[in-house]
Amino acid sequence: MSRYDTQDIIYALATPWGRSGLAVIRISGEGCRASLSPFFSSPTALIEAKNATLVHGYLLDEGNARIDEVVLAINTRGHGYTMEEAIEISCHGSIAVIQAILSLLGRIGMRSAEAGEFTFRAFIHGRLDLTQAEAVEELISSVSQSSRSLSLSRLEGRLRERIDELKESLLTLLAAVEVQLDYSEDELDEFVFPRHALATLIESIGSLADTYQIGRLYKSGAKVVLAGSTNVGKSSLFNLLLKEERSIVSPYRGTTRDYIEADLEVGGIPIRLYDTAGLRESEDLVEQEGIVRTERLIGEADLIIYLVDSTDLGHIPAEDGRTLVVYNKSDLVRPAADTLAISAQSGEGVDRLLKAVEDRLKRSLPDIGEGDLVIEGERQWRLLEGAKGALVRALELSDSVDVLDVVAVELAEALTNLGELTGEVRSDDILDRIFSGFCVGK
Amino acid sequence: MDYDAIVVGGGHAGIEASLALARIGFSTLLVTQRLDTIGALSCNPAIGGLSKGNMVREIDALGGEMAHLIDRSMIQFRILNRRRGPAVQAPRAQADKFTYNRLAKETLEAQANLALFMDTVVDLTLDREQKRYQGIVTERGHHISSRVLVLTTGTFMEGKIFIGEWETPAGRLGEQAAIGLGTALRAKGFPVGRMKTGTPSRVRRSSIDFSAVEVQEGDRVMAPFSFDYTSVDRPSEDCYITWTNEETHRIIRENIGRSPLYGGKISGIGPRYCPSIEDKVVRFPERDRHQIFIEPEGIGTQEMYLNGVSSSLPEDVQHAFIHSIRGLEDAEIMRPGYAVEYDYIDPLSLYPSLESKLVDGLFIAGQTNGTSGYEEAACQGLIAGINAAQKLKGEKPLVLGRNEAYTGVLIDDLVTVGTKEPYRMFTSRAEYRLNLRHDSADQRLTRKGWEVGLQRDEQLTRLEEKLDRIEAVKDLLAARSWREKNALAALKMPEITIDVLKETVEGLSDFDEPTLYQVELDVKYAGYIDRQQRQVDRFERLEAMEIDPRFDYDTVEGLSSEGREKLKVVRPFSVGQASRIGGVRNSDVAILIVHLRRGGGRV
Ligand SMILES: Cc1cc2nc3c(=O)[nH]c(=O)nc-3n(C[C@H](O)[C@H](O)[C@H](O)COP(=O)(O)OP(=O)(O)OC[C@H]3O[C@@H](n4cnc5c(N)ncnc54)[C@H](O)[C@@H]3O)c2cc1C
Ligand SMILES: Nc1nc2c(ncn2[C@@H]2O[C@H](COP(=O)(O)OP(=O)(O)OP(=O)(O)O)[C@@H](O)[C@H]2O)c(=O)[nH]1
Ligand SMILES: [Mg+2]
């Protein structure tokens with residue numbers, strides 16, 4: 001029932017993952033400003049902000065490093081959608097930034113909201129008009145479906161089966177420990193902690209959790225930024241990839257002043273592609289602002305395609321996991337052998353470029369085969385990670401048999417996490433397992 | 001009105017209920033079938049064990065009697081699961097049955113306000129609407145009235161004993177069943193069902209070959225269950241261990257058709273956790289042996305209890321299989337094992353106070369509520385007695401939380417989820433067992449016992465002194481160091497025990513063992529206790545949202561139809577309890593919360 005607890009501070013991403021320049025993360029719950037203030041560059045402004053005002057600043061991590069520049073919209077208690085103290089964070093839309101912020105919120109004691117939970121709170125606090133009983137019923141049934149098994153509806157078929165399997169193994173393991181606690185030593189056979197089974201389980205849960213990144217990528221897409229000096233052919237490549245004349249191409253340097261974005265798909269991965277203003281020293285205020293925006297996009301990108309003009313090399317950045325250096329205008333100058341060369345005019349080498357982009361995006365991801373299960377939701381991932389964390393602690397603890405009682409606490413926590421994915425486990429289920437699996441009782 | 005309160009049944013539940021009522025100050029009558037078997041240990045001659053030992057100490061902390069009875073009759077003491085971690089350790093003692101049951105009777109006899117009367121209750125009288133309890137009717141025709149009644153009939157209500165093909169109406173071998181009451185209650189509309197349990201045979205000590213069995217000794221230091229004293233001085237007897245074998249199993253398998261259970265004579269449901277030997281052999285065919293503990297039934301008696309081979313097979317089969325067991329080849333069986341089937345009343349028909357929802361003023365406790373075990377019975381008897389007294393005083397019932405006591409877990413399970421088999425306590429039933437350690441029962445419950453008028457001021461003072469000592473030890477440790485480290489911080493390390501610190505930290509050995517032990521656990525488990533506390537806080541918020549049991553669920557719009565029906569059956573005391581009812585959805589709970597917030601929960 002914990003999910004109907006309205007005392008927790010909850011948060012959720014309100015905009016689609018990585019799909020927009022701007023993302024909005026909502027936080028609701030008494031004390032949320034005080035919780036967030038140590039991680040905000042102007043803590044006093046945040047705490048003292050009046051209802052319906054905006055506060056500008058930076059979100060900081062525990063080491064005071066900037067995570068992102070943000071605007072916070074404040075609602076004090078009794079206002080806003082949920083009628084609770086609330087914050088709306090507007091931040092940059094890159095997946096990396098969103099992840100970093102969500103993860104910070106989790107670490108500082110807030111909880112990822114259940115589907116419908118903001119609405120539920122609005123409902124609880126009388127924000128919604130409840131005079132019409134029908135409307136109440138409708139609302140409630142939508143809240144309940146999503147919360148009792150938020151994931152049930154989403155966790156269709158095989159994924160659900162898989163999690164049920166994991167839960168089964170965990171239940172068996174927990175029963176093996178619980179029987180040791182429910183019966184005395186001399187009533188039972190010599191106990192050997194099922195270390196191997198636990199390690200295997202940790203691995204299985206871990207690899208399922210790791211598929212989250214794949215799921216996320218396929219579902220939410222990646223942000224790919226075309227960058228480089230002026231006149232290197234960024235806009236030409238942009239148009240070529242989109243197969244339409246979206247961006248203005250000209251022989252003059254500094255043609256593109258502000259970024260342009262468009263969607264496409266590479267190897268099944270949805271991509272938001274950005275054409276940006278070329279990087280150079282400039283006196284022009286408008287161009288300067290354009291360059292600032294380019295730099296910001298580079299900061300947020302999942303992948304940067306850094307274009308270099310083969311006829312006029314200039315600055316060449318170092319390649320890293322996030323940066324792909326590409327030599328354009330290969331029709332004019334033959335680039336060095338081991339470089340990635342294309343011609344945005346003839347289209348030569350573009351297929352190789354696309355393959356490289358796909359590989360790069362998938363490189364950091366775990367291997368999965370055709371038709372393998374993939375976790376898509378942040379909440380599912382968080383619960384699996386939570387289960388794994390508890391099991392890892394249990395494994396460490398289990399090395400000293402003295403503390404079987406706390407090992408059981410960790411195993412139970414893991415089971416609760418899995419239970420939240422596919423329906424809870426009652427203590428009766430554990431006893432059933434004990435009675436059917438062990439010959440106990442005098 | 002003849003009495004303020006009547007208690008039916010002098011078993012473990014009835015003892016606690018009648019003592020509680022009389023001690024709180026109400027004139028009480030205990031009616032039981034036989035005065036000589038008050039407090040009889042029907043089955044195992046032992047009290048305590050995992051989670052059950054905790055319950056005995058809970059009973060003591062609230063002001064009950066069970067701990068005193070076992071402390072004065074124990075003949076072996078052990079702390080179980082020393083190696084499994086403190087949260088699940090518990091004391092267990094072998095009892096001298098005869099001493100136990102004599103002490104029980106003497107305690108009742110010595111109690112002011114308490115009358116004892118030997119008779120069998122066959123019916124209850126109710127008011128014209130059949131809604132209020134008024135009095136009892138006995139077998140010999142007495143009509144006795146009281147304002148409240150506590151019913152604790154154990155295995156006796158329409159009890160029937162089976163040994164193979166043989167059967168007889170009885171509650172224990174040689175003791176008449178209480179015939180009539182079950183039928184009368186059925187007719188009044190109570191949800192009465194059948195359950196069964198069993199007991200093994202007792203053999204003659206002098207016929208056992210002790211050279212062929214293992215010895216199991218008790219702990220060298222015996223410790224009391226009661227918080228009222230710090231040591232016990234009792235004789236310590238050995239127990240013994242032997243094993244069944246393939247031959248034993250073959251004999252049982254070949255005769256399985258003659259078991260009343262497998263032959264279909266018994267319809268009641270038996271406990272899976274306490275299977276008969278025939279059950280074990282059938283359900284675990286791959287096991288080639290099962291353990292048997294041979295336990296003395298008392299000092300001066302020849303009877304030895306064969307823990308592990310409960311059976312209702314015919315006596316010739318019992319003879320044959322027992323004689324196939326090592327050390328028991330020539331064992332002389334003094335009492336055979338048997339199964340007993342009896343009436344119980346579905347505990348879903350009770351409020352968490354253990355008062356019946358059907359009849360005002362009627363409280364039910366013990367095996368009658370579908371439980372099994374002495375400790376389970378005693379803690380319910382105590383709570384029923386306390387709440388009957390609260391009712392007489394016009395005060396709110398005492399309901400213990402799942403985070404406060406195993407007793408709370410037990411009663412909540414019974415009245416919220418019900419039970420399909422005889423219910424026994426297990427540590428795994430408790431979500432917050434780190435909080436339910438046996439050594440902390442006084443901290444959890446003494447004050448509650450005092451509030452309802454069972455504990456005296458001195459016990460409260462004693463508790464406060466203990467808490468002060470615990471703080472003093474913590475302060476001392478915080479102020480001292482151990483090898484360049486703060487002593488309190490050092491204690492957090494797994495390998496550093498309080499005993500280690502005692503060697504160097506001056507002043508520590510001035511404190512008593514229980515205090516030091518508590519500090520050690522508090523410090524070592526702090527991280528886990530904190531984590532559990534956060535869960536408890538959440539849990540408590542829902543528990544704190546009270547619902548009036550008479551609340552009319554039909555007036556709430558939007559409840560699911562199944563949820564509504566279940567809520568109407570269980571009639572929970574709180575939103576927390578409502579959330580544990582099977583069939584009540586989250587959305588139902590949400591609607592309830594909203595309703596209560598808007599002031600709709602009161603009638
Ligand atoms: C054969 C057998 C096997 C058992 N096996 C186990 C086991 O394996 N594990 C376990 O944990 N527990 C076992 N027990 C259970 C344990 O004995 C009980 O749980 C415990 O004693 C219950 O206490 P109680 O107070 O509810 O009832 P009891 O101890 O049964 O006491 C009931 C008392 O009420 C009296 N009484 C009943 N009806 C009336 C009436 N109408 N009028 C007047 N007096 C009445 C009876 O005479 C009796 O004295 C077993 C009991 C028996 C008999
Ligand atoms: N020969 C040849 N010319 C190219 C190629 N790619 C781009 N050009 C030309 O280079 C010039 C600049 O191209 P753009 O696409 O506008 O360059 P840009 O990088 O977007 O420039 P800015 O927007 O000014 O930063 C145009 O005249 C293009 O036609 C290529 O692969 N080969
Ligand atoms: Mg351009």
Side-chain angles (χ1 to χ4, degrees), chain A residues 1-8 120 123-126 130 133-134 136-145 147-148 174-175 178-189 191 400-410 412-413 426-428 430-432 434-436 438-442, chain B residues 44 49-51 78 80-88 92 216 241 271-275 280 283-284 287 290-293 307-308 310 417 426-431 433-434 494 525 528 531-532 535 537-538 541-542 557-558 560 575-576 579-580 585-591 593-594 597-598:
Chain A
M1 275 322 303
S2 54
R3 29 184 92 93
Y4 280 111
D5 197 308
T6 52
Q7 316 276 325
D8 294 349
F120 173 73
F123 170 50
I124 284 281
H125 296 125
L130 300 183
E134 279 175 41
V136 179
E137 268 192 63
E138 205 176 321
L139 169 68
I140 280 298
S141 70
S142 72
V143 172
S144 78
Q145 275 163 14
S147 59
R148 161 130 303 191
L174 183 61
E178 287 291 345
V179 73
Q180 300 297 318
L181 305 180
D182 277 341
Y183 289 88
S184 70
E185 289 134 324
D186 44 36
E187 283 178 86
L188 297 165
D189 300 334
F191 176 62
S400 77
V401 181
D402 281 358
V403 289
L404 215 48
D405 53 354
V406 292
V407 171
V409 174
E410 299 290 6
E413 184 171 319
R426 306 181 61 99
S427 67
D428 269 2
I430 300 168
L431 282 174
D432 280 347
I434 290 178
F435 300 146
S436 61
F438 300 86
C439 179
V440 287
K442 298 182 184 181
Chain B
N44 203 340
L50 300 173
S51 75
R78 296 202 305 139
L80 303 183
N81 278 358
R82 275 191 199 282
R83 290 172 16 234
R84 303 271 198 248
V88 291
R92 177 181 188 273
Q216 188 196 39
I241 296 174
R272 285 171 303 169
Y273 48 82
C274 194
K280 293 191 214 176
R283 287 181 41 216
F284 298 94
R287 294 189 66 109
H290 295 280
Q291 197 172 27
I292 302 169
F293 294 86
N307 194 339
S310 156
V417 187
F426 286 99
T427 65
S428 60
R429 294 195 194 268
E431 299 83 346
R433 67 181 159 208
L434 293 184
Y525 278 64
Y528 286 95
R531 248 163 74 190
Q532 184 148 92
Q535 294 168 13
D537 290 345
R538 279 187 165 191
R541 278 185 225 124
L542 288 181
E557 309 230 28
S560 70
V575 173
S579 73
R580 291 188 291 276
R585 302 190 199 150
N586 278 3
S587 59
D588 297 329
V589 175
I591 290 180
I593 293 174
V594 173
R597 294 249 169 122
R598 304 162 120 218

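Letters A, B, ... mirror the listed sequences (proteins, then strands); counts begin at 1. Keep in mind the model is a prediction, meaning the values are calculated, not measured. Values below: every heavy atom of this structure, side chains too, minus hydrogens, waters and symmetry copies.
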Original post:
Mind checking what makes side-chain contact (heavy atoms from CB on, under 4.5 Å) contact with B:Gln291, not counting sequence neighbours?
Top reply: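 Partners of B:Gln291 under the side-chain contact (heavy atoms from CB on, under 4.5 Å) test: B:Ile241, B:Trp243, B:Phe293.
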**OP:** Apply side-chain contact (heavy atoms from CB on, under 4.5 Å) to A:Ala412 and list each qualifying residue two or more places apart in sequence or on a separate chain.
**Re:**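 A:Ala412 satisfies side-chain contact (heavy atoms from CB on, under 4.5 Å) with no other residue.
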Original post:
Any idea which heavy atoms bring A:Leu181 and B:Arg84 closest together, and the distance?
Top reply: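 Taking A:Leu181 first and B:Arg84 second, the nearest heavy atoms are CD2-CB, 3.9 Å.
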Original post:
Between B:Tyr525 and A:Val406, which heavy-atom pair has the shortest distance, and what is it?
Top reply: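 Here B:Tyr525 and A:Val406 meet closest at CE2-CG1, 3.4 Å.
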Subject >> Verdict with supporting geometry, A:Asp405 and B:Tyr528, side-chain contact (heavy atoms from CB on, under 4.5 Å) >> reply: CA-CA 10 Å; A:Asp405 53 354; B:Tyr528 286 95; over 6 Å; no
Original post:
Below 4.5 Å, heavy atoms only, C-beta onward: do B:Asp537 and A:Gln7 meet side chain to side chain?
Top reply: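 No; the side chains remain at least 4.5 Å from each other.
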**OP:** Measure distances from B:Leu50 to the heavy atoms of chain A and classify the residue's part below 4.5 Å as side chain, backbone, both or neither.
**Re:**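 The answer is the side chain of B:Leu50.
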Original post:
What part of B:Gln216 gets closer than 4.5 Å to chain A, counting heavy atoms only: side chain, backbone, both or neither?
Top reply: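 Just its side chain gets close to chain A.
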Original post:
Are the side chain of A:Asp182 and the backbone N or O of B:Thr427 linked by a donor-acceptor pair below 3.5 Å?
Top reply: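 A pair under 3.5 Å: yes.
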Original post:
To the nearest 0.5 Å, how far apart are OG in A:Ser184 and CZ in B:Arg83?
Top reply: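 Spacing of OG (A:Ser184) from CZ (B:Arg83) equals 11.0 Å.
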